[in-house]
Peer 1: 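So that we are looking at the same thing, I have put the structure below in structure tokens.
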Amino acid sequence: MAGTGRAEADFGRFDVKSVIRNIYTLFSRSEIPIANENQEIMDLFDPSTPLPSWFTEEDLSVYASLYEKSGFRYALQIPYRRFSVDIGISDPKVNAPALLIMGEKDYCMKFPGMEDYIRSGTLKSLVPDLDIIFLEDGCHFVHEQLPHLANQLIITFLDKHSTTA
């Protein structure tokens, strides 16, 4: 397995707190952040951009302290670097009940074909018992942005699928 990749090299140019700030400010928007061919994602960093209203300076400090200990390698490997790895599953259908909570303003919805894949039912061909809930004002970090609502939706889903003895 390779030591470090392009993202680690990019992130390594900045302190951990700046990297976390950049990730939360860039990826909380509804637009896909794109660096040009002469840039890396951290080149888009603007320290004057305010944090999202739901992500505090205290949150930033806590997250930074955790990543200072662990680094970014694992966070970048799973799932971002594992799409093409053959894990021996020939039929990727998920037969268990599943829940997808997604923000309407998640930048991922702007990837070509993604919104249609999710909304058209194509995703349900792989996960037939999938409940999909879109939160109108939610972004990519909807679970952090709207934690009480996300938790309630998860509890409701679990209650719906719990078995009583």
Side-chain angles (χ1 to χ4, degrees), residues 5-8 10-37 39-83 94 97-124 126-127 129-160:
R6 182 176 173 178
E8 289 91 347
D10 181 31
F11 290 1
R13 300 179 299 143
F14 293 82
D15 66 276
V16 171
K17 201 170 187 178
S18 294
V19 173
I20 301 293
R21 177 182 290 278
N22 193 35
I23 289 168
Y24 274 85
T25 55
L26 283 178
F27 294 96
S28 294
R29 302 177 188 162
S30 61
E31 317 83 48
I32 301 171
I34 299 173
N36 69 38
E37 65 275 357
Q39 292 179 311
E40 299 293 338
I41 200 71
M42 287 303 298
D43 291 327
L44 304 178
F45 178 56
D46 178 356
S48 68
T49 302
L51 288 169
S53 61
W54 45 267
F55 192 75
T56 67
E57 288 290 337
E58 182 180 349
D59 295 333
L60 176 62
S61 293
V62 169
Y63 279 43
S65 72
L66 296 171
Y67 279 102
E68 283 170 359
K69 293 176 186 169
S70 69
F72 294 103
R73 184 174 179 194
Y74 185 76
L76 291 166
Q77 276 188 318
I78 309 296
Y80 304 108
R81 293 187 177 149
R82 294 293 180 217
F83 287 124
V94 175
L99 174 64
L100 171 61
I101 302 169
M102 193 162 190
E104 290 278 0
K105 296 179 180 176
D106 188 330
Y107 72 92
C108 288
M109 294 293 278
K110 300 242 174 106
F111 283 111
M114 182 63 76
E115 185 167 8
D116 185 58
Y117 180 74
I118 294 169
R119 292 188 192 272
S120 70
T122 305
L123 178 57
K124 282 194 167 212
L126 296 173
V127 189
D129 197 4
L130 176 64
D131 292 347
I132 302 172
I133 300 171
F134 288 98
L135 301 181
E136 184 178 346
D137 292 322
C139 70
H140 187 66
F141 303 104
V142 71
H143 58 289
E144 295 174 79
Q145 179 187 13
L146 304 166
H148 298 297
L149 181 53
N151 286 339
Q152 188 55 57
L153 292 168
I154 293 167
I155 290 167
T156 300
F157 172 80
L158 292 172
D159 285 346
K160 174 179 160 184

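Note that the coordinates shown come from a computational prediction; the quantities given were computed from them, not determined experimentally.
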Peer 1: What's the separation between atom CG in Leu44 and atom CD1 in Ile34, rounded to the nearest 0.5 Å?
Peer 2: 9.5 Å
Peer 1: Give the minimum heavy-atom separation between Thr49 and Arg21, together with the two atoms involved.
Peer 2: O-NH1, 3.8 Å
Peer 1: If we only count heavy atoms from C-beta on, is the Leu100 to Leu123 side-chain gap below 4.5 Å?
Peer 2: yes
Peer 1: Measure the shortest side-chain to side-chain distance between Val142 and Met102 over non-hydrogen atoms and say whether it is less than 4.5 angstrom.
Peer 2: no
Peer 1: Would you say the side chain of Val19 lies within less than 4.5 Å of the side chain of Tyr63, judging by non-hydrogen atoms?
Peer 2: no
Peer 1: Could you go step by step and tell me if Glu31 and Lys110 meet the salt bridge (charged side-chain N to carboxylate O under 4.0 Å, His left out) rule?
Peer 2: CA-CA 7 Å; Glu31 317 83 48; Lys110 300 242 174 106; 5.6 Å; no
Peer 1: Check each of Tyr107, Phe111, Phe27 against His140 using the ring-ring contact (aromatic ring centres under 6.0 Å, His included) test, and report the only one that passes.
Peer 2: Tyr107
Peer 1: Distance only, no hydrogens: is a donor on one side chain within 3.5 Å (strictly under) of an acceptor on the other, for Glu57 and Ser61?
Peer 2: no
Peer 1: Are Phe14 and Ile20 packed together at the side-chain level, in the sense that at least one heavy-atom pair is separated by less than 4.5 angstrom?
Peer 2: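 With C-beta onward as the side chain, the pair stays apart.
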Peer 1: What do you reckon, is CD of Glu136 surrounded by more than 12 foreign heavy atoms closer than 6.0 Å?
Peer 2: no
Peer 1: Would a 4.5 Å heavy-atom cut-off, applied to side chains only, mark Lys69 and Val16 as touching?
Peer 2: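 They are not in side-chain contact.
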Peer 1: Going by atom types only, do Asp15 and Ser18 share a side-chain donor-acceptor pair under 3.5 Å?
Peer 2: yes
Peer 1: Is there a side-chain contact between Ile41 and Pro33 in this structure, where contact means two heavy atoms from C-beta onward sitting under 4.5 Å apart?
Peer 2: yes
Peer 1: Using a 4.5 Å cut-off on heavy atoms from C-beta on, say whether the side chain of Phe141 contacts that of Leu146.
Peer 2: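 Result no, sub-4.5 Å side-chain heavy-atom pair not found.
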Peer 1: List the atom of Trp54, the atom of Ser28, and the distance in Å for their closest heavy-atom pair.
Peer 2: CZ2-OG, 3.5 Å
Peer 1: Side chains of Tyr24 and Leu60, heavy atoms from C-beta outward: is any pair under 4.5 Å?
Peer 2: no
Peer 1: Between Glu104 and Arg119 (salt bridge meaning N to carboxylate O under 4.0 Å), is one present in this structure?
Peer 2: yes
Peer 1: With the threshold set at 4.0 Å, does a side-chain nitrogen-carboxylate oxygen contact exist between Asp131 and Lys160?
Peer 2: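 Yes, this pair counts.
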Peer 1: Quick check: closest heavy atoms across Pro50 and Thr25, and the distance to 0.1 Å?
Peer 2: O-CG2, 3.4 Å
Peer 1: Does NZ or CZ of Arg13 come closer than 6.0 Å to the centre of the six-membered ring of Phe45, within 45° of the ring's axis?
Peer 2: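 No; the conditions do not both hold, so Arg13 does not lie above the ring face of Phe45.
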Peer 1: What's the shortest heavy-atom distance between Ser65 and Val62, and which atoms?
Peer 2: OG-O, 2.7 Å
Peer 1: For Leu99 and Ile133, which heavy atoms make the closest approach, and how far apart are they?
Peer 2: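 Looking at all heavy atoms of both residues, the closest pair is CD1-CD1, 3.9 Å.
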